[in-house]
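The figures here come from the full heavy-atom set of this structure, side chains too, leaving out hydrogens, waters and symmetry mates.
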Amino acid sequence: MRADSRHRLSRPDRARGGADTPAAPRPGGRHSADPAELERLLEPIVRAAGMDLESVRVGSAGRRRLLRVIVDADGGVSLDGIALVSREVSARLDATGAMGEAPYTLEVSSPGVDRPLTLPRHWRRAVGRLVRVPPAGDNGASPPAPPAGPAGETGRAGGAGRDGQAGGAGPIEGRVIAAGDSRVILEVDGEQREFGFADLGPGRVQVEFGPPGGGPGGQDTAPAGAPTGPRTGGRGDGH
């Protein structure tokens, strides 16, 4: 899901500057945009729209710079939500001059299916999906935590193997049943097992040809971040 807006910025109105306004761009320069500064500038806008700002990346698309803003939310993001964030982000960038005066393309989108699962909210949003995840360090030195009793009880899960691992020290593949702030329950080979996030590396959602079976969220047949409609975006002047 993606919204594009193409901008050829005019000189920003410095009278609008506030506490969060970055320094004015250098006259005549391309102004090297700092992704960390852009994240601080744009995060309140994304949060106000009920979403999380996942990443901000500055690259190039031909002779034009490309600003990629990745957003996500519980339940996914809609085309209307993407369009709203795109307009608000465009307005803030125009007002502050954070991208300088050289032309650039703004692309606002949701994460693709290849986004690694590294934060608790990533795992929570992957409930019902098949994932593949290596042990922490990807060397088997830090095995997953041993699971305990029946799933659904705090800090417990059922059906684990004696060694508390799936497939030895190699990657673990299973369906996400539930995820909390520090642990996740996976269904591995028909058994529910609990793992601490500290014991796992970055997980990857596996593409399935057909609806996930049996788990929560099974009604969602499209991979997370897959295009679900036409592109939308602002006018050519960025307003």
Side-chain angles (χ1 to χ4, degrees), residues 35-36 39 43 46-47 51-57 68 70-77 109-226:
E39 283 193 21
E43 198 274 338
V46 176
R47 191 193 316 123
M51 305 180 195
D52 294 311
L53 178 60
E54 294 293 343
S55 68
V56 174
R57 299 176 184 175
R68 286 183 171 144
I70 309 298
V71 299
D72 201 5
D74 289 352
V77 294
S109 64
S110 58
V113 71
D114 58 345
R115 187 266 305 274
L117 309 178
T118 58
L119 298 174
R121 68 171 182 260
H122 298 162
W123 287 93
R124 186 176 69 247
R125 291 165 184 168
V127 167
R129 296 195 179 278
L130 185 67
V131 301
R132 185 176 178 85
V133 54
D138 199 21
N139 57 11
S142 180
E153 295 182 12
T154 303
R156 300 173 67 86
R162 293 178 182 176
D163 59 1
Q165 299 186 49
I172 302 156
E173 187 168 295
R175 196 171 301 281
V176 182
I177 301 301
D181 293 334
S182 60
R183 309 184 74 79
V184 61
I185 297 176
L186 301 179
E187 184 179 278
V188 181
D189 296 329
E191 299 180 344
Q192 292 187 8
R193 304 187 180 185
E194 183 177 67
F195 305 95
F197 291 135
D199 298 315
L200 299 175
R204 298 278 181 176
V205 173
Q206 303 300 292
V207 177
E208 298 181 88
F209 296 96
Q219 72 279 6
D220 184 4
T221 59

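By the salt bridge (Lys or Arg N to Asp or Glu O under 4.0 Å) test, E39 pairs with no residue at all, sequence neighbours left out. The side chain to side chain donor-acceptor pair (under 3.5 Å) search around R204 returns none, not counting sequence neighbours. Contacts of R47 classified as side chain to side chain donor-acceptor pair (under 3.5 Å), with partners at least two apart in sequence or in another chain: E43. Taking the side-chain contact (heavy atoms from CB on, under 4.5 Å) definition, one finds that D72 meets it with E54, P111, R115, R125, sequence neighbours left out.
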request  = Would you check, one step at a time, whether the test side chain to side chain contact (heavy atoms under 4.5 Å, CB included) holds for S109 with I70?
outcome  = CA-CA 5 Å; S109 64; I70 309 298; 3.3 Å; yes
task = Step by step, work out the side chain to side chain contact (heavy atoms under 4.5 Å, CB included) result for R129 and V176.
result = CA-CA 6 Å; R129 296 195 179 278; V176 182; 5.5 Å; no
query = Given the rule in the side chain to side chain contact (heavy atoms under 4.5 Å, CB included) test, do I185 and E194 qualify, once you have shown the distances and angles that lead to the verdict?
reply = CA-CA 4 Å; I185 297 176; E194 183 177 67; 4.3 Å; yes
Side chain to side chain contact (heavy atoms under 4.5 Å, CB included) assessment of L117 paired with L200 = CA-CA 10 Å; L117 309 178; L200 299 175; over 6 Å; no
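Considering all non-hydrogen atoms of both residues, V46 and L53 come closest at CG1-N, 3.7 Å. W123 and G201 get closest at one heavy-atom pair: CZ2-O, 4.5 Å. Closest heavy-atom contact between P135 and G170: CD-O, 3.6 Å. Considering every non-hydrogen atom in both F197 and A179, the closest pair reads CZ-CB, 4.4 Å. Contact between H122 and P116 at its shortest, heavy atoms only, is ND1-O, 3.6 Å. Across V56 and P35, no two heavy atoms sit closer than the pair O-CB, 3.6 Å.
R124 CZ: more than 12 foreign heavy atoms inside a 6.0 Å radius.
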